[in-house]
Structure formats: C-alpha cells, structure tokens
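Some notes on the structure that comes next.
Sequential numbering from 1 along the given sequence is applied to the chain's residues.
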Amino acid sequence: MRRELAGGYELDDRRDRVDAAAVHAYIGGESYWAKGRPREVMDGLIERAARVVGLYAPGGEQVGFSRTVDAPDAFLAYLADV
C-alpha cells in the first residue's frame with residue numbers, strides 16, 4: 001500500500017523501503033521507551049512485524065515509522081514504535 005498525502009508526503013508499507021539505520025538511530029538512541037535497544041534487536045522486530053509503515057518526505061527521506069505486532073489467536077494487534 002502506498003498512499004500520497006498533502007505536501008508531497010507519502011505513506012508506504014513496503015518493508016524493503018524502511019531505512020532501518022534511521023529507525024534505529026531514533027528509537028534506539030533517542031526514544032524514551034527503547035533507548036539503548038540494540039540494532040540487531042530492532043532489525044529483528046522490523047523483520048517479524050505483521051506490518052511496517054514508513055512516512056516519507058518529498059524527495060524520499062524517511063521521517064516516520066510504525067510497526068504492528070499481532071497475536072491472531074488472541075484477536076489482538078498492537079501498534080508499536082510510532
């Protein structure tokens with residue numbers, strides 16, 4: 001799914017488009033909820049997520065990220081690392 005937004009921004013759920021280094025730099029280095037999370041852990045979380053969505057600025061730079069974790073047997077989905 002790719003969706004164009006106002007101002008030339010876009011949402012895209014292509015996992016191969018996610019800038020994992022940029023995601024880790026913020027989440028593992030700046031966020032209050034996961035500061036210190038190792039890069040290899042973040043890479044695994046991205047890989048195993050039910051869905052990832054990136055927000056991209058005009059020109060393609062990634063400026064936002066979210067991942068969804070699901071537990072189908074529990075009828076549960078959790079939005080994380082937004």
Between M1 and L55, is there a shared hydrophobic cluster once you connect ILVMFWY residues whose side-chain heavy atoms come closer than 4.5 Å? yes
Grouping I, L, V, M, F, W and Y whenever their side-chain heavy atoms are under 4.5 Å apart, do Y56 and Y9 come out in a common cluster? no
Is there a side chain to side chain contact (heavy atoms under 4.5 Å, CB included) between D81 and V23 once you walk through the steps? CA-CA 9 Å; D81 293 330; V23 169; over 6 Å; no
Heavy-atom closest pair, residues I27 and F65: CD1-CD2, 4.1 Å
Might you point out which heavy atoms bring P58 and G7 nearest each other, and give the distance in Å? CG-O, 3.1 Å
The reported gap from CG in L79 to CZ in R51 (rounded to nearest 0.5 angstrom) is 11.0 Å
Considering all heavy atoms, the nearest G60-R17 contact: CA-NH2, 4.2 Å
Using modelled atom types and a 3.5 Å cut-off, is there a donor and acceptor pairing between side-chain atoms of H24 and backbone atoms of R37? yes
If you measure from NZ on K35 to CD on E30, what distance do you get to the nearest 0.5 Å? 6.0 Å
Hydrophobic clusters here meaning ILVMFWY residues chained together by side-chain heavy-atom distances under 4.5 Å, can you tell me if L5 and V63 are in one? yes
ILVMFWY network linking Y78 to V53, side-chain heavy atoms under 4.5 angstrom: no
In one Ile/Leu/Val/Met/Phe/Trp/Tyr side-chain cluster, 4.5 Å: L45, W33: yes
Would you indicate whether the side-chain heavy atoms of R2 and E10 approach each other to under 4.5 Å? yes
Rounded to the nearest 0.5 Å, the CG atom of D12 sits from the CZ atom of R3 at a distance of 13.0 Å
Side chain of Q62, backbone of G64: donor and acceptor closer than 3.5 Å? yes
Please answer whether the main-chain N or O of V52 pairs with a side-chain N or O of R15 as donor and acceptor at a distance below 3.5 Å. no
Between CG on residue D19 and OH on residue Y26, distance to nearest 0.5 Å: 15.5 Å
